[in-house]
**Student:** 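Just passing along the structure, written as structure tokens.
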Amino acid sequence: MGKLKQLHHAMTINRTLIKYGLDEFLAPTPLAKFRFIAKLFSFTGAKHQDKSRGKRLALALTELGPIYIKLGQMLSTRRDLVPEDIANELSKLQDQVEPFASEEAVALIEQQLESPISDIFKSFDNKPLASASVAQVHSASLQDGQQVVVKVLRPGIRKKIQKDLDMMQSLAHWAELYSSEARRFRIKEVVADYDKTIKREIDLTIEAANCSNLKSNFADSELLYVPTVYWDYCRPKIMVMEKISGVPIGEVQALRDAGVDMKELANRGVEIFFTQVFRDSFFHADMHPGNIFVDISDPKMPQYIAIDCGIMGTLSESDKRYLADNFLAFFAQDYRRIAELHIQSGWIDKNVSITEFESAIRSACEPIFGKKIAEISFGHFLIQLFQTARKFNMQVQPQLVLLQKTLLYIEGLGRQLYPELDLWETAQPYLKQWVKEQYSPINFFKQMNKEAPKILEELPKVPRKVIKAIDQVNHIADSFDDVKKQMVELEAHKLRQQYAQKHAIIGASLAITAGLIYSAMPNNYWPAVGLGLGAAYFFIKSLWPNKS
């Protein structure tokens with residue numbers, strides 16, 4: 001049944017791509033083997049040939065579902081990897097997905113808040129302000145006149161997303177079954193992690209909490225503004241928040257026309273990312289252009305505005321230290337340090353030659369230095385790293401998948417805003433300062449102060465734990481003494497057995513010799529008697545080896 005399900009899902013993707021005249025995209029994938037079969041069940045491809053390939057791909061991803069729409073959103077920012085005509089069409093997936101009926105939105109709001117729409121809002125715009133893959137947004141005003149936006153989940157979206165996730169899980173299982181490359185990248189774990197992430201996104205109370213947390217992290221910041229959440233009007237399927245005004249970050253020409261300092265804007269984007277990751281361990285992981293606006297009230301110091309906090313990423317302290325150390329080693333072109341960090345982290349087997357791994361990393365990283373971001377394809381750079389990883393069986397860490405995706409978004413935005421941006425030059429001072437703070441005496445005492453309550457709580461338990469530990473050590477020592485005693489006895493028994501075997505062999509030899517002499521000299525039996533007595537002596541010694 002599982003294989004039939006996988007085949008069905010593969011056929012669904014095949015049929016959809018063929019329907020929109022995109023079956024050439026199947027050629028380099030395992031799905032190609034089903035292309036001919038899928039064509040037999042698809043008769044609509046010719047109807048879409050009048051549309052551009054970018055439009056057809058956008059339509060196909062929309063039909064496949066929300067998860068594939070999000071894939072298109074990410075690809076739209078990667079103009080170094082995706083042709084311009086395709087990127088332009090995919091960018092429309094960010095907030096121009098076909099809306100659902102406003103009557104359904106109103107019914108859902110009234111059901112969630114258990115009141116008529118007129119009692120909740122002073123005004124409500126039936127025409128959606130924006131429509132995305134998971135939800136759509138309407139403008140409204142509260143009874144006190146406060147301008148807000150109302151985010152409403154698409155009807156039936158949870159079932160649709162579960163269906164898409166089932167498809168991805170089946171395909172991941174199928175890929176790992178037949179592809180060593182898929183197993184190396186732990187595709188099933190990545191999909192399982194994304195399963196958890198996307199399910200958090202469709203509970204709008206979680207998104208509201210994420211917004212509040214991010215807003216708190218950047219309170220009074222000149223870098224980033226996060227709209228206020230109105231908790232009284234938030235439920236699992238709806239969320240109400242402050243309406244913001246700003247220029248969508250994707251409208252680059254409008255930003256330039258407004259006199260925005262594009263270099264400063266790009267630099268601030270990089271700083272915001274690294275601040276979220278390393279200072280807060282809590283970062284916006286869905287930073288496509290549809291979710292970012294710019295406050296241009298001060299064009300020389302533009303402020304970012306972030307919305308849609310449904311997907312957020314977190315990192316542990318060890319993850320952050322590992323990343324920071326790797327970044328700094330990369331900046332310093334210290335490839336041996338990078339190799340050592342990979343082995344220390346457990347990503348690479350300890351038996352791998354550090355020298356060989358260092359050389360491989362050098363060949364992948366060295367060519368990018370001294371170039372501006374406009375001259376570098378980080379997509380191709382990643383491919384080089386994957387090829388290096390394949391040689392050393394490096395494991396891709398699922399917990400960093402969101403971070404990797406966010407880095408791709410950052411690069412895509414950087415290319416659009418300020419092609420001359422040197423991402424590494426912008427990030428390096430921040431990272432050095434962060435690492436310096438981590439190992440500073442001040443941070444040490446901060447950590448001690450943070451751990452003090454826990455230490456004080458555990459302090460009264462220390463004597464009992466020490467006594468218990470001593471008992472355990474004594475028990476281990478007694479056990480060791482018992483084992484040692486048994487080993488001594490075993491060795492003594494072994495020596496006794498060897499002693500007995502030696503005397504038995506001598507006795508048997510003397511007995512055989514006595515018999516031979518007696519047979520050869522029947523008239524003179526005294527030599528045989530002597531040897532027989534000797535044989536008896538050695539036989540007796542073999543039976544009582546201690547009495548020697």
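In this chain, residues are counted from 1 in sequence order. These figures come from a predicted structure and were not determined experimentally.
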**Student:** Could you give the distance from CG (Asn126) to OG (Ser139), rounded to the nearest 0.5 Å?
**Tutor:** 11.5 Å
**Student:** Is the closest side-chain heavy-atom distance between Arg235 and Leu113 below 4.5 Å?
**Tutor:**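 Arg235 vs Leu113: side chains touch.
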**Student:** Quick one, Thr275 and Asn217 - any side-chain contact, counting heavy atoms below 4.5 Å?
**Tutor:** no
**Student:** I need the Phe278 CZ to Arg321 CZ distance, nearest 0.5 Å.
**Tutor:**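 If we round to the nearest 0.5 Å, Phe278:CZ and Arg321:CZ are 11.5 Å apart.
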**Student:** Can you tell me if Asp280 uses its side chain to pair, donor with acceptor, with the backbone of Phe282 under 3.5 Å?
**Tutor:**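 No; judged by distance alone, with no hydrogens or angles, the pair does not exist.
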**Student:** Is any side-chain heavy atom of Phe274 closer than 4.5 Å to a side-chain heavy atom of Arg279?
**Tutor:** no
**Student:** Start with the C-alpha distance between Cys234 and Val229, add both sets of side-chain angles, then the distance that settles side chain to side chain contact (heavy atoms under 4.5 Å, CB included), and finish with yes or no.
**Tutor:** CA-CA 8 Å; Cys234 293; Val229 172; 3.6 Å; yes
**Student:** Given salt bridge (charged side-chain N to carboxylate O under 4.0 Å, His left out), test Glu104 with Arg154 step by step and report yes or no.
**Tutor:** CA-CA 9 Å; Glu104 292 182 277; Arg154 286 182 171 271; over 6 Å; no
**Student:** Tell me if the CD atom of Glu222 is crowded by more than 12 foreign heavy atoms within 6.0 Å.
**Tutor:**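 Open: at most 12 neighbouring heavy atoms sit under 6.0 Å from CD of Glu222.
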**Student:** Could you check whether Lys127 and Ser102, counting side-chain N and O atoms only, form a donor-acceptor pair closer than 3.5 Å?
**Tutor:** no
**Student:** Looking at Gln136 and Ala105, what are the two nearest heavy atoms and their distance?
**Tutor:**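 Where Gln136 meets Ala105 most closely, the heavy atoms are NE2-CB, 4.5 Å.
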**Student:** Could you check if a side-chain atom of Ile307 sits within less than 4.5 angstrom of a side-chain atom of Phe293, using non-hydrogen atoms only?
**Tutor:**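 The answer is yes; the side chains approach within 4.5 Å.
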**Student:** Begin with the C-alpha distance, continue with both residues' side-chain angles, and end with the deciding distance and a verdict on salt bridge (charged side-chain N to carboxylate O under 4.0 Å, His left out) for Lys237 and Asp203.
**Tutor:** CA-CA 6 Å; Lys237 294 183 180 180; Asp203 183 341; over 6 Å; no
**Student:** Is there a side-chain contact between Arg53 and Leu57 in this structure, where contact means two heavy atoms from C-beta onward sitting under 4.5 Å apart?
**Tutor:**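 No, side chains not in contact.
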**Student:** Among side-chain atoms of Tyr225 and Glu242, is any donor-acceptor pair under 3.5 angstrom?
**Tutor:**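 Indeed, the side chains of Tyr225 and Glu242 share at least one donor-acceptor pair under 3.5 Å.
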**Student:** So, for Lys160 and Leu64, which heavy atoms are closest and what is the spacing to 0.1 Å?
**Tutor:**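 In terms of heavy atoms, the two residues are closest at NZ-O, 3.9 Å.
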**Student:** With a distance cut-off below 6.0 Å to the six-membered ring centre and an angular limit of 45° from the axis, does Arg268 pair with Phe218 as a cation-pi contact?
**Tutor:**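 Because its charged atom misses either the 6.0 Å distance or the 45° angle limit, Arg268 does not stack over Phe218.
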**Student:** Given Asp286 and Asp308, is the side chain to side chain contact (heavy atoms under 4.5 Å, CB included) satisfied, shown in steps?
**Tutor:** CA-CA 8 Å; Asp286 199 17; Asp308 196 348; 4.3 Å; yes
**Student:** Would you tell me whether Thr314 and Ser281 have side-chain atoms, one donor and one acceptor, within less than 3.5 Å of each other?
**Tutor:** no
**Student:** For the atom pair CZ (Phe124) and NE2 (His138), what is the distance rounded to the nearest 0.5 Å?
**Tutor:**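 It comes to 4.5 Å.
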**Student:** With no hydrogens and no angle check, is any side-chain donor or acceptor of Thr62 less than 3.5 Å from a backbone partner on Ala58?
**Tutor:** yes
**Student:** Looking at Glu89 and Arg56, does any basic side-chain N land under 4.0 Å from a carboxylate oxygen?
**Tutor:**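 No salt bridge links Glu89 with Arg56.
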**Student:** Using a 4.5 Å cut-off on heavy atoms from C-beta on, say whether the side chain of Leu315 contacts that of Val277.
**Tutor:**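 In short, these two side chains touch, coming nearer than 4.5 Å.
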**Student:** Ignoring hydrogens, what is the shortest heavy-atom contact between His284 and Gln276? Give both atom names and the distance.
**Tutor:**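 Taking every non-hydrogen atom into account, N-OE1, 2.9 Å.
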**Student:** Would Leu265 and Leu255 satisfy side chain to side chain contact (heavy atoms under 4.5 Å, CB included), going step by step from the backbone distance to the final call?
**Tutor:** CA-CA 10 Å; Leu265 182 63; Leu255 293 170; 4.0 Å; yes
**Student:** What's the shortest heavy-atom distance between Asn210 and Cys309, and which atoms?
**Tutor:**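 Taking every non-hydrogen atom into account, ND2-O, 2.9 Å.
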**Student:** Give the minimum heavy-atom separation between Met287 and Ile292, together with the two atoms involved.
**Tutor:**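 Of all heavy-atom pairs spanning Met287 and Ile292, the closest is CE-CD1, 3.7 Å.
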**Student:** Crowded around Asp220 CG? As in, over 12 foreign heavy atoms under 6.0 Å?
**Tutor:** no
**Student:** Side-chain donor-acceptor pair under 3.5 Å between Asn267 and Glu271, yes or no?
**Tutor:**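 The criterion, which ignores hydrogens and geometry beyond distance, is not satisfied for Glu271 and Asn267.
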**Student:** Show the numbers, then the answer: is there a side chain to side chain contact (heavy atoms under 4.5 Å, CB included) between Glu207 and Leu204?
**Tutor:** CA-CA 5 Å; Glu207 180 178 342; Leu204 294 184; 3.4 Å; yes
**Student:** Going from NE2 on His342 to CZ on Arg337, what distance comes out if it is rounded to the nearest 0.5 angstrom?
**Tutor:** 12.0 Å
**Student:** So, does Arg158 use its side chain to make a donor-acceptor pair with the main chain of Ile202 at under 3.5 Å?
**Tutor:** yes
**Student:** Looking at side-chain heavy atoms only, is the closest gap between Pro155 and Phe100 below 4.5 Å?
**Tutor:**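 Contact flag for Pro155/Phe100 side chains = yes.
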**Student:** At their closest point, which heavy atom of Ile157 faces which heavy atom of Val134, and how far apart are they?
**Tutor:** CG1-O, 4.1 Å
**Student:** Do any N or O atoms from the side chain of Ser115 and from the backbone of Ile120 form a donor-acceptor pair under 3.5 angstrom?
**Tutor:** no
**Student:** Quick check: are there more than 12 heavy atoms from other residues, nucleotides or ligands sitting under 6.0 Å from CD of Gln253?
**Tutor:** yes
**Student:** Which distance, rounded to the nearest 0.5 Å, do you find between the CD1 of Ile272 and the CG of Leu223?
**Tutor:**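 Those atoms lie 5.0 Å apart.
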**Student:** Spell out, as yes or no, whether a donor-acceptor pair under 3.5 Å connects the side chain of Lys215 to the backbone of Val226.
**Tutor:**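 Looks like yes, one N/O pair under 3.5 Å.
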**Student:** Roughly how far, to the nearest 0.5 Å, is CD1 of Ile109 from OH of Tyr233?
**Tutor:**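 So the gap between those two atoms works out to 12.5 Å.
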**Student:** Please tell me if the side chains of Gln303 and Ser221 come closer than 4.5 Å, counting only heavy atoms from C-beta onward.
**Tutor:**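 No - every pair of side-chain heavy atoms lies 4.5 Å or more apart.
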**Student:** Counting N and O atoms only, with roles assigned by atom type, does the side chain of Tyr230 sit under 3.5 Å from a partner on the main chain of Leu142, one being a donor and the other an acceptor?
**Tutor:**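 No, Tyr230 side chain to Leu142 backbone: no donor-acceptor pair under 3.5 Å.
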